[in-house]
Enquirer: 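First the structure, then my questions, so here it is.
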Amino acid sequence: MASLFKILAGKYWAAESENKQKQLFQLLIIWFIIGSLSLVLGIIHLTNPSPQSCIICDFLVIVIAIMAGVCTLNSKSNCALNLAFSVPVLNYAFYISEFSPYLAPIDTIYFATWWYIAGLVYLYFYSKSDSRIVLFGLVSLIGISYHLYLSDHLVDSFTFFEPFVVNPLLVFILFFLATFYMRKKYATVVEELENSLRQNNESINRVIQNSSFLVTRLVTERDEDGNVVKLIVDKVNNAFESAFKLNLYEVQGQEAGYIYDLIFKGKFDINKTVLFNKKKVNEFHARNLDKWYKVLVLNPNYNTYYIVLEDITKTKKKIAELEANKRRYKVLLEAIPDIFFVIDKDGIYEDFVIKESDLFKIEDANIIGSSIYDAGFPEGMANKIKSCIQNCIKNNSIETIEYSLNTPNGTFLFEMRLAKLSAHSVISVARDITQRKTAEFGLEKALVRAEESDRLKSAFLSNLSHEIRTPMNIITNFTRMLADDSMESMERLELTDAITQNGQQLINMIDNTIHLSKIETEAVTLKNNYCKINPLMRDIYNAYFSTLPDSKDLDIKLNIDVANSEFGFDTDNDLLKEALTILVDNAVKFTPSGLINFGYEMIRNDQIKFFVKDTGVGIPKDDFDNIFSRFYRVQNSINQSTSGSGIGLPIAQHYISLLGGELEFDSNVDKGSEFWFILPFKEGRGYMKIVS
């Protein structure tokens, strides 16, 4: 329907206004519908004649519809409207004449009346002339009266129709008077609104004409599809004429693109700004004029645009000057290794200056406008800071606070000094004391560690003589006893086992002391080479299996995941063997009876897990945090009756860390312990080639 309207408007009504085009199109559609229905009825009456058919009447309606169509296509709306006066003729043809063998006139009076009312409504909608409507009303009254006359009920019409309000004359008169009054009332209201609108438009035009802003009114030319093809300058105000030295008569009717290219030397795209820029407010720098403009686009109706230019050159220069001053003062403040905050009395950050660094970065959007309660302070600290701010403002005093601040780069410690800046705000000078506090905390921790280390070393040294003397005394005394020729062979065997065990214990103690001294002096170096795992594991197994005392109901089991004798990988053979030996030795020492299970297993094809499990006395949960501390010994029945240095596990942990792993454990009291660590399977052989 819209495309049909465009075609007809462009072909027949191009010279008419848009409202007139719409009115003509609506009239054409109405008469087209009337003509089409009449044509259909005529065809039906021709093919299926009946006593009530009136082919001449149908033909008459078609002729009238064609005349109305011709009138509308020729832009003669009055002609189409005057055809409403054909209603009496049609009523006569359909209901009274001899061409239509219809009902008696008295039976068709209401049909005729409704046709007169329909014609009246038709004129109400499209006719601007009251005289035409009044004339049609008089013609309709004459037609209804004549209809009643033919029915012999003109004189007694108010007694014949019961109740009398259904009298056709009275119905039409009441409808005409009511609707005509409403039309006049509506016309009066419309006229008042038009006058008000006209006055408002005149006021707006005066305001625009005398405005300090540079205003251009543009009208559009559109193609058949409604697309804008041209923007034409319709009017400019006084400020525009004064600013660009162009008079209205010079620009009126010109293309907007040409005028604005002339003013701004082709640097301002008026079409893009008006039609395609979604932002209706923009800023534009006219380099040829050395001016800044704020550009506002208004679209009050379909074919009208307003371009409002506000000269903001002074504002821009002032802002640039303020920004330059701000940068200068900021550079001066940034030279000071402190942070400056401006905080209002409610704890809201208003401004800040911070020396930029890679370790401590704060975005303006994250601070300015936020509260001290949102800056990472605990609630208690935030309350304290707010209280100090209010005291500072009230008493004009200087307050000092130490606090911590959480940032994306970590937690920083500051010393804050607050001084009154105004009646509503304070300036806060915050100095980063993170390094100083960290150093103090580090010194305190180092002092505690040193004191603890001295205590443990003192305990170690005090026990060292006892731990060395005990096995040495056993070795010395039992060796002297072996010289007695009267001793039986079984007793000699028991003494030999005791000498061997205490000798091994003494060797382990000396080895651990040497290892610890190497770790303390950082003399332990990693020497990676190819290590065959299975022979190494069997050496450890053989060393302990053959020395298990008969007094213990203890078994030791070796688990080998890969049976290939060439299985191995690149690592430090000595450190790996020493770490596993310490773990197995601890398992033997703290397992009175049961089973010790140690070995390794592959994880996928790029890691190897070593483990030592026992069913010994276990480790209490309270000792988990200290188990790898040097010289620390778990309080249990075995440690109370045997000697030990408490440095085995720290040494094993250090060696495993050098190998690239981490020593982990789990334990339950009286159920046993498990220690394990995982190493990277680098350059492995005998299992699967690792491709890096």
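Computed over heavy atoms, backbone and side chain alike; hydrogens, waters and symmetry mates excluded. If you're wondering where the values come from, they're calculated on a predicted model, not measured in any experiment.
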Enquirer: Is the closest side-chain heavy-atom distance between Asn195 and Glu191 below 4.5 Å?
Expert: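 Contact flag for Asn195/Glu191 side chains = yes.
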
Enquirer: For the backbone of Phe136 and the side chain of Ser140, can you confirm whether one donor and one acceptor N or O come within less than 3.5 Å of each other?
Expert: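 It does hold such a pair.
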
Enquirer: Let's go through Val295 and Val281 carefully: what are the C-alpha distance in whole Å and the side-chain angles of both, what is the deciding distance for side chain to side chain contact (heavy atoms under 4.5 Å, CB included) to 0.1 Å, and is it a yes or a no?
Expert: CA-CA 6 Å; Val295 184; Val281 179; over 6 Å; no

Enquirer: Carefully, step by step, assess Thr108 and His147 under the rule side chain to side chain contact (heavy atoms under 4.5 Å, CB included).
Expert: CA-CA 9 Å; Thr108 59; His147 208 124; 3.0 Å; yes

Enquirer: Is the shortest side-chain N to carboxylate O distance from Asp130 to Lys184 below 4.0 Å?
Expert: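 A salt bridge links Asp130 with Lys184.
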
Enquirer: Specify the closest pair of heavy atoms between Tyr122 and Ala80, including all atoms of both residues, with the distance to one decimal.
Expert: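 Nearest heavy atoms, Tyr122 then Ala80: OH-O, 3.1 Å.
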
Enquirer: Report, one line per pair, each donor and acceptor closer than 3.5 Å where one atom sits in a side chain of residues 240-250; sequence neighbours left out.
Expert:
residue : atom : partner : partner atom : Å
Glu241  : OE2  : Leu248  : N            : 2.7
Lys245  : NZ   : Ser242  : O            : 3.1
Glu250  : OE1  : Asn247  : N            : 2.7

Enquirer: Less than 4.5 Å apart, side chain to side chain, heavy atoms only: is that true for Gln23 and Tyr126?
Expert: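 SC-SC contact between Gln23 and Tyr126 confirmed.
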
Enquirer: Is there a donor-acceptor pair under 3.5 Å between the side chain of Gln21 and the backbone N or O of Glu16?
Expert: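 Between the backbone of Glu16 and the side chain of Gln21 there is a qualifying donor-acceptor contact (under 3.5 Å).
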
Enquirer: How long is the gap from CG on Leu81 to NZ on Lys128, to the nearest 0.5 Å?
Expert: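 Taking CG in Leu81 and NZ in Lys128, the distance rounds to 10.5 Å.
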
Enquirer: At their closest point, which heavy atom of Leu28 faces which heavy atom of Gly69, and how far apart are they?
Expert: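 That would be CD1-CA, 3.9 Å.
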
Enquirer: Using a cut-off of 6.0 Å, state whether more than 12 heavy atoms not belonging to Lys20 lie near its atom NZ.
Expert: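 Check passes, neighbour count above 12.
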
Enquirer: For side chain to side chain donor-acceptor pair (under 3.5 Å), just list the numbers for Asn282 and Tyr293, CA-CA rounded to whole Å, side-chain angles, deciding distance to a tenth of an Å, and then say yes or no.
Expert: CA-CA 8 Å; Asn282 303 278; Tyr293 294 98; over 6 Å; no

Enquirer: State the CD-CD distance between Glu310 and Glu283, to the nearest 0.5 angstrom.
Expert: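 Interatomic distance, Glu310 CD to Glu283 CD, rounded to 0.5 Å: 9.5 Å.
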
Enquirer: How about Ser145 and Leu169: do any of their side-chain heavy atoms sit closer than 4.5 Å?
Expert: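 Ser145 reaches Leu169 side chain to side chain.
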
Enquirer: Which distance, rounded to the nearest 0.5 Å, do you find between the CD of Glu18 and the CH2 of Trp13?
Expert: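 Here the interatomic distance stands at 13.0 Å.
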
Enquirer: Hey, which of Asn299, Asn303, Asp234, Asn227 is the one that makes side-chain hydrogen bond (donor to acceptor under 3.5 Å, both in side chains) with Thr220?
Expert: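 It is Asn303; the other options fail the test.
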
Enquirer: So, for Leu27 and Ser77, which heavy atoms are closest and what is the spacing to 0.1 Å?
Expert: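 For Leu27 and Ser77, the tightest heavy-atom pair comes out as CD1-CB, 4.2 Å.
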
Enquirer: Is Tyr110 atom OH crowded by more than 12 heavy atoms from other residues, nucleotides or ligands, each under 6.0 Å away?
Expert: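 Above 12, so yes.
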
Enquirer: Passes side chain to side chain contact (heavy atoms under 4.5 Å, CB included), Tyr305 versus Val297? Steps please.
Expert: CA-CA 7 Å; Tyr305 288 92; Val297 179; 4.2 Å; yes

Enquirer: Got more than 12 heavy atoms from elsewhere within 6.0 Å of CZ, Phe32?
Expert: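 Counting other residues, nucleotides and ligands, CZ of Phe32 stays at 12 neighbours or fewer.
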
Enquirer: Output, in order, the C-alpha distance, side-chain angles, deciding distance and verdict of ring-ring contact (aromatic ring centres under 6.0 Å, His included) for Tyr124 and Phe180.
Expert: CA-CA 8 Å; Tyr124 277 147; Phe180 192 78; 7.0 Å; no

Enquirer: Heavy-atom distance under 4.5 Å between the side chains of Trp31 and Ile64, does that happen here?
Expert: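 Touching, per the 4.5 Å side-chain cut-off.
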
Enquirer: Using atom types as modelled and distance alone, determine if a side-chain donor or acceptor of Asn91 lies under 3.5 Å from a backbone N or O of Ala112.
Expert: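 Confirmed, Asn91 side chain pairs with Ala112 backbone.
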
Enquirer: Just verifying a value: how many Å separate Ile385 CD1 and Phe341 CZ, rounded to the nearest 0.5 Å?
Expert: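 So the CD1 of Ile385 and the CZ of Phe341 are separated by 10.0 Å.
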
Enquirer: So Ser196 and Asn200, do their side chains get closer than 4.5 Å, heavy atoms only?
Expert: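 Sidechains of Ser196 and Asn200: in contact.
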
Enquirer: Between atom OG1 of Thr113 and atom CG of Leu170, what is the distance when rounded to the nearest 0.5 Å?
Expert: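 If I round to the nearest 0.5 Å, the distance is 11.0 Å.
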
Enquirer: Compare every heavy atom of Leu214 with every heavy atom of Ala239, then report the nearest pair and how far apart it is.
Expert: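 Closest approach of Ala239 to Leu214, heavy atoms only: O-CG, 4.0 Å.
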
Enquirer: Are any side-chain N or O atoms of Asn288 and backbone N or O atoms of Ile263, one a donor and one an acceptor, separated by less than 3.5 Å?
Expert: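 Looks like yes, one N/O pair under 3.5 Å.
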
Enquirer: Go through Gln209 and Asn238 one step at a time and tell me if the side chain to side chain donor-acceptor pair (under 3.5 Å) criterion holds.
Expert: CA-CA 6 Å; Gln209 191 65 24; Asn238 296 333; 2.7 Å; yes

Enquirer: Is any side-chain heavy atom of Leu231 closer than 4.5 Å to one of Val274?
Expert: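 With C-beta onward as the side chain, the pair touches.
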
Enquirer: For Thr313 and Asp311, which I'm curious about, is there any donor-acceptor pair between the side chains at under 3.5 Å?
Expert: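 A pair is found: one side chain offers a donor N or O, the other an acceptor, under 3.5 Å apart.
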
Enquirer: Looking only at atom types and distance, does a side-chain atom of Ser38 sit under 3.5 Å from a main-chain N or O of Ile34, one as donor and one as acceptor?
Expert: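 Between the backbone of Ile34 and the side chain of Ser38 there is a qualifying donor-acceptor contact (under 3.5 Å).
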
Enquirer: Take atom NE2 in His285; do more than 12 heavy atoms of anything else shown fall under 6.0 Å from it?
Expert: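 Correct, the count exceeds 12.
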
Enquirer: Out of curiosity, Ser428 OG to Ile389 CD1, how far, rounded to the nearest 0.5 Å?
Expert: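 Answer rounded to 0.5 Å: 7.5 Å.
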
Enquirer: Are Tyr260 and Thr216 close enough that a side-chain donor and a side-chain acceptor fall under 3.5 Å?
Expert: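 Per modelled atom types, Tyr260 and Thr216 side chains form a pair under 3.5 Å.
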
Enquirer: Looking at every heavy atom in both Ala256 and Leu218, which two are closest together, and how far apart are they?
Expert: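 Taking every non-hydrogen atom into account, CB-CD2, 3.8 Å.
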
Enquirer: Under a 4.5 Å cut-off applied to non-hydrogen side-chain atoms, are Ile307 and Thr273 in contact?
Expert: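 Sidechains of Thr273 and Ile307: no contact.
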
Enquirer: Applying side chain to side chain contact (heavy atoms under 4.5 Å, CB included), run through Ile144 and Ile109 and close with a yes or a no.
Expert: CA-CA 7 Å; Ile144 296 172; Ile109 184 64; 4.2 Å; yes

Enquirer: Is the side chain of Thr304 donor-acceptor paired with the backbone N or O of Asn301 at a distance under 3.5 Å, no angle test?
Expert: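 Answer holds: no.
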
Enquirer: Within a strict 4.5 Å, meaning less than it, do heavy atoms of the Lys420 and Ile427 side chains meet?
Expert: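 Answer no - side chains too far apart.
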
Enquirer: Within the distance-only criterion (no hydrogens, no angle test), does the side chain of Ser425 pair as donor or acceptor with the backbone N or O of Asp344 below 3.5 angstrom?
Expert: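 Not a single qualifying donor-acceptor pair exists.
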
Enquirer: Looking only at non-hydrogen atoms, find the nearest pair between Arg132 and Ser127 and report the distance.
Expert: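 So the minimum-distance heavy-atom pair works out to NH1-OG, 2.7 Å.
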
Enquirer: Using a strict 4.0 Å threshold on nitrogen-to-oxygen distance, state whether Glu202 and Arg198 make a salt bridge.
Expert: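 No, this pair does not count.
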
